[in-house]
There are 2 protein chains.
Amino acid sequence: MNTTQRTDQQTSAERRRRELLEAADRVVLRDGPQASMNAIAAEAGITKPILYRHFGDKGGLYAALAKRHTDALLDSLRAALDAPADRRERVESTLDTYLAAIEARPQVYRFLMHPAEGSAAQGDQGFDVGKHSAPLLRRMGEELAQVIEERLDLGPDTRRLARVWGHGIVGMMHAAGDWWLGERPCSRQELVRSLADLLWGRLAAAGDRMGGPGF
Amino acid sequence: MNTTQRTDQQTSAERRRRELLEAADRVVLRDGPQASMNAIAAEAGITKPILYRHFGDKGGLYAALAKRHTDALLDSLRAALDAPADRRERVESTLDTYLAAIEARPQVYRFLMHPAEGSAAQGDQGFDVGKHSAPLLRRMGEELAQVIEERLDLGPDTRRLARVWGHGIVGMMHAAGDWWLGERPCSRQELVRSLADLLWGRLAAAGDRMGGPGF
DNA sequence: ACTCGGTGTTACCTTAAGTAACACCGTACG
DNA sequence: CGTACGGTGTTACTTAAGGTAACACCGAGT
């Protein structure tokens with residue numbers, strides 16, 4: 001019974017935790033990354049200390065929240081990356097998956113990418129920006145690096161190149177997506193093809209517009 | 001004298017403003033983006049309300065501060081981008097200029113890239129993240145886009161491609177730089193060459209490591 | 001009947017943004 | 001010479017948010 005008891009309590013606590021996370025999710029969806037602990041507690045129908053008992057501090061709550069979304073997005077990306085198709089197709093499909101995700105839920109995206117506001121704004125407590133900034137980007141970069149290293153033969157420097165490229169490509173995707181989300185200058189597919197073209201070396205291959213060495 | 005008076009007052013106010021900005025700069029250098037208005041005022045030898053009279057609110061001060069550094073960095077980047085050399089050399093030199101800047105003053109870099117704290121004080125008032133986020137990145141992206149558009153011939157889609165690539169390349173540089181600054185996995189020159197290799201299409205050209213379609 | 005672990009609350013502390021009201025000081029002007 | 005005025009500065013306050021201490025309730029096992 002000791003076991004069952006503990007199990008019951010655990011599941012109860014975990015269910016509560018999930019409920020709290022879902023409430024927090026709703027608030028973040030509505031208010032963006034600046035959602036206050038009070039607001040989240042109110043949405044969950046309880047008060048602050050309970051949140052703190054479950055998550056330690058605001059950083060903990062936000063980390064837990066971010067982990068859910070990050071895991072979900074990473075799963076989609078892995079699926080796109082592992083699909084049976086040639087390299088270019090996979091790259092385009094992965095880019096498209098990411099862009100579709102941020103297009104579908106921009107509030108969540110903003111929360112994941114700019115989590116700083118929620119924390120370090122007032123109390124200097126919580127959240128070293130340099131350490132926690134955009135963990136999603138880091139994780140995506142590392143995952144992509146691993147995939148590149150596993151599958152590509154880049155000579156003796158494969159390991160280093162793969163990591164640099166992983167983070168670089170993810171950053172390219174992120175920045176282009178962020179800009180695109182704000183301005184909507186073209187369709188998603190055009191953006192995907194343009195980025196893939198960039199990765200496929202069209203920059204180096206392009207001709208100069210006029211005299212001089214060109215860019 | 002009316003004129004001279006007014007001029008004197010203006011220059012005096014502007015000199016004061018510069019002094020305050022320099023004090024703020026020192027504090028940000030020391031404390032990172034979480035520098036408080038109190039700390040900045042103390043460093044400048046005055047008290048808060050004066051800062052607010054000069055800059056409106058914390059966002060205003062931070063924007064003024066960011067503009068200085070951003071302008072300076074953009075000047076260096078333009079110089080590297082305009083140097084008389086072939087395209088690959090220019091790209092490497094621009095990447096290296098950026099990386100050298102963030103390496104030399106990481107605190108300033110963090111302040112410029114994660115300025116979110118400066119705004120969302122209370123109320124939901126401050127900061128549409130999508131609008132204000134990382135203005136440096138946006139400005140660099142636009143500048144690079146313009147350079148690309150002016151100098152490269154990419155067919156009928158030049159305009160769009162140039163903008164996508166401008167923001168994408170800047171994002172690549174930024175993310176790779178951020179990661180590199182945290183882990184220091186290789187020398188700056190190795191990083192520069194790896195990124196240039198990526199832009200030069202080595203990803204598309206690489207051979208698969210084993211059977212199957214490869215990445 | 002009693003303790004104990006878990007859940008909940010109220011009431012508080014601390015820090016930091018932002019502001020109102022007042023004090024000082026040099027200068028033009030009657 | 002006194003006085004009103006613009007500019008610089010201050011103290012002291014309000015408000016909002018993160019975070020915590022202390023207490024209250026409740027169900028289950030001895």
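Sequence lines set the chain letters: A, B, ... in the order given, protein chains first and strands last, and positions in each chain run from 1.
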Quiz prompt | hbond_proxy Lys58(A) side chain to dG19(D) base (donor-acceptor, 3.5 Å cutoff) | solution = no

Quiz item: Within the modelled atom types, does a donor on one side and an acceptor on the other bring the side chain of Arg53(B) and the base of dG18(C) under 3.5 Å apart?
Solution: no

Quiz item: Closer than 4.0 Å, any side-chain N/O of Arg16(B) to the OP1 or OP2 of dG9(D)?
Solution: yes

Quiz item: Tell me: CE of Met37(A) to C1' of dT15(C), nearest whole Å?
Solution: 17 Å

Quiz item: Are Arg15(A) and Arg18(A) side-chain neighbours, meaning at least one heavy-atom pair lies under 4.5 Å?
Solution: yes

Quiz item: Of the candidate nucleotides dA17(C), dA21(D), dG18(D), which contains the atom at the shortest distance from the side chain of Tyr52(B)?
Solution: dA17(C)

Quiz item: So is Arg188(B) actually on top of Trp180(B)'s ring, under 6.0 Å and inside 45° of the axis?
Solution: no

Quiz item: How many Å lie between OH on Tyr62(B) and P on dA16(C), as a whole number?
Solution: 11 Å

Quiz item: Taking CG from Asn38(A) and P from dG18(D), how many angstroms apart are they, rounded to a whole number?
Solution: 7 Å

Exercise. Using atom CG of Leu51(B) as one end and atom C1' of dA16(C) as the other, report the distance to the nearest whole Å.
Key: 13 Å

Quiz item: How many angstroms lie between atom CZ of Arg105(A) and atom CG of Leu112(A), to the nearest 0.5 angstrom?
Solution: 9.5 Å

Exercise. Measure the distance from NE2 on His54(A) to P on dT9(C) and round it to the nearest whole Å.
Key: 12 Å

Quiz prompt | Heavy-atom pair of closest approach, residues Ala85(B) and Arg90(B) | solution = O-NE, 3.0 Å

Quiz prompt | Closest nucleotide among dG19(D), dG9(D), dA17(C) to the Ile50(B) side chain | solution = dG9(D)

Quiz item: For dG9(D), does OP1 or OP2 lie under 4.0 Å from any side-chain N or O of Thr47(B)?
Solution: no

Quiz item: So what does Ile46(A) touch, heavy atoms closer than 4.0 Å: a base, only the sugar-phosphate, or nothing?
Solution: sugar-phosphate

Quiz prompt | Arg17(B) CZ to dG7(D) C1', straight-line distance once rounded to whole Å | solution = 17 Å

Quiz item: Tell me: NZ of Lys48(A) to C1' of dC12(C), nearest whole Å?
Solution: 10 Å

Quiz prompt | Salt bridge present between Arg193(A) and Asp197(A) (N-O < 4.0 angstrom) | solution = no

Quiz item: Between dG9(D) atom P and Glu19(B) atom CD, what is the distance in whole Å?
Solution: 9 Å

